[in-house]
Amino acid sequence: MSETLPKTYYITTPIYYVNGLPHVGSALTTIVCDVLARYHRLKGEQTFLLTGTDENATKVTQAAEKAGVPPMEFVDGLAGAFKECWGALHIANNDFVRTTEPRHTLAVQEFFSRLREKGYVYADTYEGWYSVSDETFFRDTEVKDGIAIESGKPVVRVKEENYFFKLSAFTEPLLAYIEANPNWLLPEFRKNEVVAFLKEGLRDMCITRANKGWGIPVPGDESKVIYVWFDAVINYLAVTGWPHNPEWESLWPADVHLVGKEIFVRFHATLWPAMLMALDLPLPKQVYAHGWWTVGGQKGGKSGASLPHPTRLAQFLSERSGAEPELAVDALRYLLCREMNFGPDTEFTVENCLRRFNNDLANDLGNLLNRTINMMNKYYDGVVPEVETPDTEIVALAESVCADYERSLSVFRFNDVLEATWRLVGRMNKYIDEKAPWGLAKAANNGDTESAKALAQTLTACLEVTRIVALLTSPFMPTASAAIYQQLGITEPLETVTWSDTTWGGLKAGTKVTAPKPLFPRIQELTVADTILYELGSANPPKTEETPKPVSETPPATPETEVKTDNFISIDDFLKVELKVGEILAAEPVPNTTKLLRLTVQSGEDETRTILSGIAEYYTPDELVGRQIVLIANLQPRKMRGIESQGMLLAADVDGKAVLLTPDSLVPVGSKVR
RNA sequence: GGCGAGGUAGCUCAGUUGGUUAGAGCAUACGGUUCAUACCCGUAGUGUCGCGAGUUCGAAUCUCGCCCUCGCUACCA
């Protein structure tokens with residue numbers, strides 16, 4: 001049946017977690033997928049691009065509560081913001097899936113039921129320990145003194161039935177599959193990470209949580225909802241209409257899942273393929289993971305800097321350069337794809353973008369078009385002349401660039417794709433200089449027919465290259481390409497152009513070019529004040545921004561964290577905590593650890609104690625000795641690395657960095673704090 | 001500490017299986033040109049290719065050791 005249906009080229013972005021507006025990280029992923037989709041359409045393939053939003057995390061209800069709106073209204077708003085952003089960035093997606101839609105929830109429930117029928121999902125009752133912060137269950141033997149030994153997190157006693165996916169059964173099949181399909185997971189070095197992860201052995205995964213009124217209920221057990229990650233990945237399949245739409249196989253399997261590196265190893269390269277294997281469904285043909293943008297050479301979030309919001313940045317480019325807003329959007333698409341390394345992480349700065357805007361877009365491409373059109377108008381009244389033979393060198397170069405373009409694109413090296421394209425642009429600017437058409441024009445005017453021929457050959461070469469480059473850049477900059485076509489006098493709409501038009505000679509003699517108009521005006525001011533950066537990066541309250549960051553938010557390991565909204569304690573509870581001022585007498589690193597310091601603290605007139613503290617990355621032993629600090633004196637002692645820690649220091653947590661609290665002035669050691 | 005990835009020009013990075021004077025772009029300096037968006041073109045560069053040793057006729061490239069950076073992981077009560 002389905003063999004008769006032509007397979008559509010199917011590309012997916014991750015579905016984005018709706019806890020904030022998109023930034024250039026998520027924009028990069030989405031733009032790159034769009035570029036890929038537009039390229040395949042150019043190749044004449046039926047192509048389907050999917051993006052969407054991930055809305056079932058239980059955190060959503062808390063965020064909604066905070067915002068003071070019902071959860072559904074809350075996610076409607078954010079899903080709308082994503083759609084709007086992608087529209088503004090010229091993303092031509094064929095569909096936008098929301099995990100709160102019936103088509104998704106039905107597919108997820110069906111998927112779950114089928115796994116259960118096949119014995120890959122089993123229920124298990126736990127009377128045991130549960131760590132809220134780990135979202136993990138522990139056995140009695142794994143817990144000591146109310147603490148999970150493995151994670152060191154506190155646990156609570158629960159009795160709960162949950163459902164588990166037999167992920168452990170797929171360690172070997174996945175390893176075998178990776179072995180047999182060397183280009184399945186890309187890039188290579190990330191595939192190796194997956195292999196390393198698998199070799200440690202997969203463990204069964206708890207795939208349900210207590211139903212608190214948000215999420216997809218487990219079929220036949222309304223007391224549970226399906227774990228958000230398990231639910232989310234099914235979107236790729238749900239959109240095909242699986243299982244009831246008979247044509248679902250015209251889309252599935254996806255040709256590419258393109259994701260950020262943080263959701264690659266655990267989810268897109270292991271969990272999701274294992275789920276598909278369990279139901280004997282075909283696996284996606286390729287899964288590609290790109291790196292992140294960094295800010296300030298490190299995790300942007302720590303330095304306080306963050307990634308700009310894409311539409312604001314495009315608007316800024318437009319304001320700075322004077323380019324039309326829609327062309328500035330295309331410029332941004334180009335800049336993101338050109339700057340990103342598509343393997344490792346890449347440093348992102350607005351100033352680099354501005355510089356590259358000038359160099360690549362204004363000076364190289366824009367100016368090539370501009371000078372070409374100008375000369376055409378000047379020497380030929382804008383009418384494309386007849387040419388007997390094209391310049392074979394340029395023709396050959398164009399061909400080789402097209403070949404490199406396709407080769408790089410096939411391995412998702414988008415920066416190389418553009419670099420190859422710009423070889424052609426660069427050669428042409430030099431070519432004009434070598435041929436000096438202005439000299440040829442003069443000679444031709446004086447009756448030199450050879451010069452006249454050379455002039456025609458030169459200018460048509462410029463026009464052809466510009467046309468071909470416009471075509472090559474069209475997946476990246478569709479609006480700009482259309483504008484180039486328009487200036488070249490090509491009336492055929494860009495939508496009807498195909499890859500075969502990259503062959504030489506597409507521009508017909510007699511075509512009349514239009515008046516020149518700079519596409520990307522040069523930017524005069526290349527420096528960017530901090531206040532502008534802040535504005536670009538923090539259109540939202542800085543609080544919700546969390547950035548070096550990737551691409552789709554949520555740390556994969558804990559997509560949901562339960563937080564009690566009403567977590568007041570009584571004054572009596574507080575008074576149970578015995579806080580004291582202490583003085584650090586000695587400090588030394590604990591061997592074989594990176595974070596732990598062993599501190600000897602005087603905490604009373606003749607009372608000293610040993611405290612282990614995880615601040616070695618932020619304080620050297622030397623600078624600690626002699627300092628007064630605040631400590632919790634009656635904390636249950638705990639052994640770490642064989643040393644008993646008798647208390648805990650208080651420190652502010654600044655983006656994960658510890659900053660010690662000290663008294664405002666020297667106080668007697670042992671002073672009570674309250 | 002364990003695992004993984006890296007350390008190449010001022011900056012961002014290329015350098016396939018070891019082979020002649022180690023590359024590109026940007027930034028810098030000087031020169032040229034004028035069709036063009038103060039644009040384009042040319043020239044000049046500087047590099048102990050992280051450090052040390054080894055294999056080899058020959059190493060940025062292979063081996064070993066060390067140093068440093070980044071990621072994951074354990075220790076952070």
Side-chain angles (χ1 to χ4, degrees), chain A residues 145-147 150-154 187-190 192-197 199-200 261-262 265-266 291-292 294 297-299 321-323 338-339 341 343-347 349 352 355-356 358-379 415-416 419 422-423 426 428-441 455 458-459 462 516-524 526 557 589-597 611-618 631-632 635-643 645-651 653 656 658:
Chain A
D145 300 331
I147 300 284
E150 185 187 314
S151 68
K153 307 280 186 193
E188 180 92 16
F189 72 92
R190 294 214 191 280
N192 296 339
E193 289 179 14
V194 174
V195 171
F197 178 68
K199 283 189 171 159
E200 289 181 11
K261 66 177 184 180
E262 78 284 3
V265 173
R266 281 164 195 271
W292 297 347
T294 58
Q298 51 173 322
K299 287 195 165 185
S321 67
R338 182 65 185 78
E339 285 282 306
N341 281 322
D345 295 349
T346 302
E347 173 74 5
T349 72
N352 280 350
R355 215 188 312 282
R356 200 177 272 289
N358 267 3
N359 290 324
D360 294 5
L361 296 176
N363 296 348
D364 291 349
L365 176 60
N367 190 44
L368 173 63
L369 172 72
N370 196 245
R371 63 201 302 210
T372 300
I373 300 287
N374 262 296
M375 286 189 282
M376 281 300 299
N377 283 316
K378 203 163 267 187
Y379 306 139
N415 55 341
D416 288 345
E419 195 181 348
W422 255 250
R423 286 214 313 273
M428 233 37 218
N429 275 322
K430 187 172 172 183
Y431 185 77
I432 292 174
D433 214 56
E434 288 168 2
K435 297 288 178 182
W438 44 95
L440 295 172
L455 180 62
T458 303
L459 283 194
C462 292
K517 184 181 176 228
L519 290 181
F520 302 107
R522 206 177 147 74
I523 295 170
Q524 299 306 324
L526 288 176
V590 178
N592 295 341
T593 67
T594 52
K595 293 186 184 173
L596 279 184
L597 287 183
I611 292 179
L612 296 188
S613 184
I615 55 172
E617 289 176 301
Y618 315 110
L631 62 98
I632 302 176
L635 194 67
Q636 178 161 46
R638 171 150 187 256
K639 260 192 176 180
M640 286 176 284
R641 295 274 152 174
I643 304 166
S645 179
Q646 302 152 325
M648 172 178 171
L649 303 190
L650 295 191
D653 179 343

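Computation of the quantities below employed the complete heavy-atom set of this structure, encompassing side-chain atoms and omitting hydrogens, waters and symmetry-equivalent molecules. Per chain, numbering begins at 1; letters A, B, ... match sequence-line order.
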Colleague: Is any side-chain N or O of A:Asn341 closer than 4.0 Å to OP1 or OP2 of B:rC13?
Modeller: yes
Colleague: Touch check for A:Asp364, heavy atoms < 4.0 angstrom, all strands: base, sugar-phosphate only, or nothing?
Modeller: sugar-phosphate
Colleague: Quick one: A:Glu434 CD to B:rG42 P, roughly how many Å, whole number?
Modeller: 8 Å
Colleague: Would you indicate, yes or no, if B:rC41 has its OP1 or OP2 atom less than 4.0 angstrom from a side-chain nitrogen or oxygen of A:Asn429?
Modeller: no
Colleague: Take atom CZ of A:Arg371 and atom C1' of B:rU37, then tell me their distance rounded to the nearest Å.
Modeller: 11 Å
Colleague: Could you tell me how far B:rA29 sits from B:rU34 if I compare only their P atoms? Round to whole Å.
Modeller: 24 Å
Colleague: Name the nucleic acid region contacted by A:Ala362, choosing base, sugar-phosphate or nothing; use a 4.0 angstrom heavy-atom cut-off, strictly under.
Modeller: base
Colleague: Picking from B:rU34, B:rU37, B:rC76, which would you name as closest to the side chain of A:Lys595?
Modeller: B:rC76
Colleague: Using a cut-off of 4.0 Å on non-hydrogen atoms, how would the nucleic acid contact of A:Asn363 be classed: base, sugar-phosphate, or nothing?
Modeller: sugar-phosphate
Colleague: Using atom C1' in both nucleotides, what's the gap between B:rC75 and B:rC68 to the nearest angstrom?
Modeller: 23 Å
Colleague: For nucleotides B:rG45 and B:rU21, find the distance between their C1' atoms and express it as a whole number of Å.
Modeller: 15 Å
Colleague: Given 3.5 Å as the limit, does a donor-acceptor pair link the side chain of A:Asn359 with the main chain of A:Arg355, or not?
Modeller: yes
Colleague: Distance between the C1' atoms of B:rC72 and B:rG10, in whole angstroms?
Modeller: 33 Å
Colleague: Could you tell me whether the phosphate oxygens of B:rC72, OP1 or OP2, come under 4.0 Å of any side-chain nitrogen or oxygen in A:Lys261?
Modeller: no
Colleague: Within this structure, what is the CG-to-P distance between A:Asn352 and B:rC13, rounded to whole angstrom?
Modeller: 10 Å
Colleague: Using the C1' atoms only, state how far B:rG50 lies from B:rC67, rounded to an integer number of Å.
Modeller: 8 Å
Colleague: So how far is it from A:Ile432 CD1 to A:Arg371 CZ, rounded to the nearest 0.5 Å?
Modeller: 4.0 Å
Colleague: If we take the C1' atom in both B:rG25 and B:rC66, what is their distance in whole Å?
Modeller: 34 Å
Colleague: Using 0.5 Å steps for rounding, measure from the CD1 atom of A:Ile611 to the CD atom of A:Gln646.
Modeller: 8.0 Å
Colleague: When you compare B:rG1 with B:rG65, how far apart are their P atoms, in angstrom units rounded to a whole number?
Modeller: 15 Å
Colleague: Could you tell me the separation between the NZ atom of A:Lys378 and the CH2 atom of A:Trp438, rounded to the nearest 0.5 Å?
Modeller: 11.0 Å
Colleague: Counting any heavy atom closer than 4.0 Å, what does A:Pro521 reach on the DNA or RNA strands: base, sugar-phosphate only, or nothing?
Modeller: base
Colleague: Within the structure shown, what part of the strands sits under 4.0 Å from A:Leu369 by heavy-atom distance: base, sugar-phosphate, or nothing?
Modeller: nothing
Colleague: Students often get this wrong, so: under 4.0 angstrom with heavy atoms, is A:Arg355 touching a base, only sugar-phosphate, or nothing?
Modeller: sugar-phosphate
Colleague: Please give, in whole Å, the distance from B:rU73 C1' to A:Leu596 CG?
Modeller: 14 Å
Colleague: Using only atom types and a distance under 3.5 Å, with no angle test, would you say the side chain of A:Thr346 pairs donor to acceptor with the backbone of A:Asn341?
Modeller: yes
Colleague: Where each residue is assigned the nucleotide of RNA chain B containing its nearest heavy atom, which of A:Lys378 and A:Ser645 is assigned the position nearer the 5′ end?
Modeller: A:Lys378
Colleague: Base, sugar-phosphate or nothing for A:Phe197? Non-hydrogen atoms, less than 4.0 Å.
Modeller: nothing
Colleague: Measure from CD1 on A:Ile643 to P on B:rC75 and round the result to the nearest Å.
Modeller: 15 Å
Colleague: Out of curiosity, A:Asn363 CG to A:Phe520 CZ, how far, rounded to the nearest 0.5 Å?
Modeller: 12.5 Å
Colleague: Report the distance from atom CE of A:Met428 to atom CG of A:Asp433, rounding to the nearest 0.5 Å.
Modeller: 12.0 Å
Colleague: In whole Å, I'd like the distance from the CE atom of A:Met428 to the C1' atom of B:rC41.
Modeller: 14 Å
Colleague: Taking atom P in both B:rC13 and B:rG6, compute the distance separating them and give it to the nearest angstrom.
Modeller: 13 Å
Colleague: Counting side-chain heavy atoms from CB outward, which of B:rC26, B:rC35, B:rG4 is closest to A:Asn359?
Modeller: B:rC26
Colleague: Rounded to whole Å, how long is the line connecting atom OH of A:Tyr379 with atom C1' of B:rC35?
Modeller: 5 Å
Colleague: Find the distance A:Arg423:CZ to B:rA24:P and express it as a whole number of Å.
Modeller: 14 Å
Colleague: In the structure shown, which nucleotide is the Watson-Crick or G-U wobble counterpart of B:rA44, with both distances under 3.5 Å?
Modeller: B:rU28
Colleague: For B:rC70, give its Watson-Crick or G-U wobble partner with both distances under 3.5 Å, or none.
Modeller: B:rG4
Colleague: Please determine, for B:rU33, whether a Watson-Crick or G-U wobble partner exists with both distances under 3.5 Å, and give it or none.
Modeller: none
